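Every value quoted in this text rests on a predicted model; they were computed, and no experiment measured them. Quick note: numbers below take in every heavy atom, side chains included, and nothing from hydrogens, waters or symmetry partners.
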Amino acid sequence: MSGQNAPINPTGGPYQLLQIVRNPDGTITRALDIPETPPTSDPSLPISVLSKDIPINQSNNTWVRIYLPREGLDSSSHLKLPLVVYCHGGGFILYSAASSTVHDHCVRLANELRVIIASVEYRLAPEHRLPAAYDDAVEALYRIKTTQDDWLTKYADFSNCFIMGMSAGGNIAYHAGLRVAAEADHLGPLNIKGLILQQPFFGGTQRSESELRLVDDPKLPLCVTDLMWELSLPIGVDRDHEYCNPTVGGGSKLLEKIRLLGWKVLVTGCDGDHLFDHQVKLAKLLEEHGVHVVGHFGVGGCHGVDFHDSSRGKAFLEQVKNFILI
């Protein structure tokens, strides 16, 4: 679902496709073998980006992985680097900040964009249904703002911070952004400049044209996203809950706060992704509320195309780089 997993066979049921088993107690058993990569903080190693983990909430087993471009260690440079707080994808139910595909993506982001990445390890559904992931992302931001970690205090520009996410991570970034916008006065010295939503995961009860057209998409069948919502939304609500459908009721009242703060929002998507229509609707909703929106919507592609197509991946990085520099 995140675009960081391999293509799946749409002929199987969604549990089979995701390689998960639903247990009687409401948890799931995850059979998918997802390799993990440990952080590497030794500056003597010949790597372009260093990484290390900082605990957030030990009782919830949450933490952030910090990615520092080697150039940030250059004592001759007095310029601090922008800080990007990143939320990984996985339909709220799969992957970790330690997953190798997530780790490699964050290394590339830090290296290509010349930013410090703080990748959030949040709790997964259905063991921890939404809003648990939003809670964890917000808690990570508050932990970062008070940290004494030298990588962040010495090299991160807290006045130039963005919240970013891919797929379900884009959904988390959006909802965490709404929350901290309401509390912006308490977040200093961390100053959020905007949100970066890469093919964000949203939906609704009414099927969109792109969903109907791509119902059996080999990368992301509709039955898979339906199951992800079933497992992640609060029990007893449908896909028109605000966590899934941000356009319900004309959108959150906190969008006015985002406008007043002067945040900008980057939304990307492509019409080969069945989530496309919901991404376009989100961008239009933000524009209607007077928020500065930068939309990049392409033709063709698929969900996670930036991971599978190198040319599109490079184009996305260029879009983010330009967005940060605006």
Side-chain angles (χ1 to χ4, degrees), residues 1-20 28 30-35 86-96 99-106 108-109 124-125 164-174 196-204 207-232 239 244 267-283 295-317 319-320:
M1 156 63 203
S2 66
Q4 295 157 339
N5 52 321
I8 53 183
N9 178 359
T11 61
Y15 287 94
Q16 179 183 349
L17 297 176
L18 292 169
Q19 298 183 45
I20 61 174
I28 59 173
R30 299 165 177 85
L32 186 65
D33 181 20
I34 302 176
Y86 181 80
C87 301
H88 67 81
F92 307 107
I93 65 172
L94 296 172
Y95 292 95
S96 160
S99 298
S100 296
T101 50
V102 176
H103 178 90
D104 293 346
H105 181 54
C106 289
R108 186 182 184 195
L109 289 172
L124 299 179
M164 175 180 180
M166 161 64 189
S167 192
N171 177 298
I172 295 168
Y174 176 76
I196 301 170
L197 311 180
Q198 183 183 11
Q199 292 187 283
F201 184 27
F202 292 103
R207 297 302 190 194
S208 70
E209 185 278 332
S210 60
E211 286 175 329
L212 295 173
R213 175 168 46 85
L214 296 164
V215 63
D216 291 323
D217 175 51
K219 291 285 186 183
L220 188 64
L222 191 58
C223 64
V224 165
T225 53
D226 282 353
L227 177 59
M228 287 172 165
W229 285 121
E230 179 185 338
L231 293 173
S232 58
R239 293 192 305 275
C244 176
V267 185
T268 72
C270 61
D271 68 5
D273 177 5
H274 83 243
L275 302 176
F276 177 73
D277 288 345
H278 296 295
Q279 295 155 359
V280 172
K281 287 179 183 177
L282 175 66
H296 287 284
F297 299 108
V299 176
C302 60
H303 194 71
V305 67
D306 299 334
F307 294 89
H308 307 304
D309 184 320
S310 61
S311 63
R312 292 205 186 220
K314 289 178 182 178
F316 170 73
L317 289 173
Q319 291 162 6
V320 176

Chemist: Less than 4.5 Å apart, any side-chain heavy atom of Leu109 and any of Val320?
Modeler: no
Chemist: Looking at Gly89 and Ser167, what are the two nearest heavy atoms and their distance?
Modeler: CA-CB, 4.4 Å
Chemist: Atom CD of Gln279 and atom NE2 of His296: how far apart are they, to the nearest 0.5 Å?
Modeler: 14.0 Å
Chemist: Any chance you could measure Ile93, atom CD1, to Trp229, atom CH2, to the nearest 0.5 Å?
Modeler: 11.5 Å
Chemist: So, taking the atom named CE in Met164 and the one named CD1 in Ile196, what distance separates them when rounded to the nearest 0.5 Å?
Modeler: 5.5 Å
Chemist: Is there side-chain contact between Met166 and Tyr86, with at least one heavy-atom pair below 4.5 Å?
Modeler: yes
Chemist: Looking at NE2 of His278 and CZ of Phe201, how far apart are the two atoms once the value is rounded to the nearest 0.5 Å?
Modeler: 9.5 Å
Chemist: If you look at every heavy atom in Ala168 and Gly90, which pair is closest and at what distance?
Modeler: CB-N, 4.2 Å
Chemist: Apply the test salt bridge (charged side-chain N to carboxylate O under 4.0 Å, His left out) to residues Arg213 and Asp277: give CA-CA distance (whole Å), side-chain angles for both, the deciding distance (0.1 Å), then the verdict.
Modeler: CA-CA 11 Å; Arg213 175 168 46 85; Asp277 288 345; 5.4 Å; no
Chemist: At what distance, to the nearest 0.5 angstrom, does SG of Cys223 lie from CG of Asp216?
Modeler: 7.5 Å
Chemist: In terms of side-chain heavy atoms, does Ser99 have a donor or acceptor partner in His88 at a distance below 3.5 Å?
Modeler: no
Chemist: Check whether any side-chain heavy atom of Leu18 lies under 4.5 Å from a side-chain heavy atom of Ile28, and answer yes or no.
Modeler: no
Chemist: Quick one: which of Thr225, Leu212, Val224 gives a side-chain contact (heavy atoms from CB on, under 4.5 Å) with His274?
Modeler: Thr225
Chemist: Looking only at heavy atoms, what is the nearest atom pair of Ser311 and Asp309, with distance?
Modeler: OG-OD1, 2.6 Å
Chemist: If we only count heavy atoms from C-beta on, is the Leu17 to Leu227 side-chain gap below 4.5 Å?
Modeler: no
Chemist: Please answer whether the main-chain N or O of Cys302 pairs with a side-chain N or O of Gln199 as donor and acceptor at a distance below 3.5 Å.
Modeler: yes
Chemist: Compute whether any side-chain donor of one residue and acceptor of the other, for Ser208 and Ser210, lie under 3.5 angstrom apart.
Modeler: yes
Chemist: Taking Ser232 for its side chain and Ala125 for its backbone only, find out whether a donor-acceptor pair lies under 3.5 Å.
Modeler: no
Chemist: Give the minimum heavy-atom separation between Arg30 and Leu124, together with the two atoms involved.
Modeler: NH2-CB, 3.8 Å
Chemist: Set out, in order, the CA-CA distance, both residues' side-chain angles and the distance that settles salt bridge (charged side-chain N to carboxylate O under 4.0 Å, His left out) for Asp273 and Lys219, then state yes or no.
Modeler: CA-CA 9 Å; Asp273 177 5; Lys219 291 285 186 183; over 6 Å; no
Chemist: Between Thr101 and Phe307, is any pair of side-chain heavy atoms under 4.5 Å apart?
Modeler: no
Chemist: Does any non-hydrogen side-chain atom of Arg207 lie less than 4.5 Å from one of Val215?
Modeler: no
Chemist: What distance do His308 atom NE2 and His303 atom NE2 have between them, rounded to the nearest 0.5 Å?
Modeler: 8.5 Å
Chemist: For Asn171 versus Pro200, what's the shortest heavy-atom pair and its separation?
Modeler: N-CB, 4.3 Å
Chemist: Do you know the tightest heavy-atom contact between Asp271 and Leu214?
Modeler: O-CD1, 3.7 Å
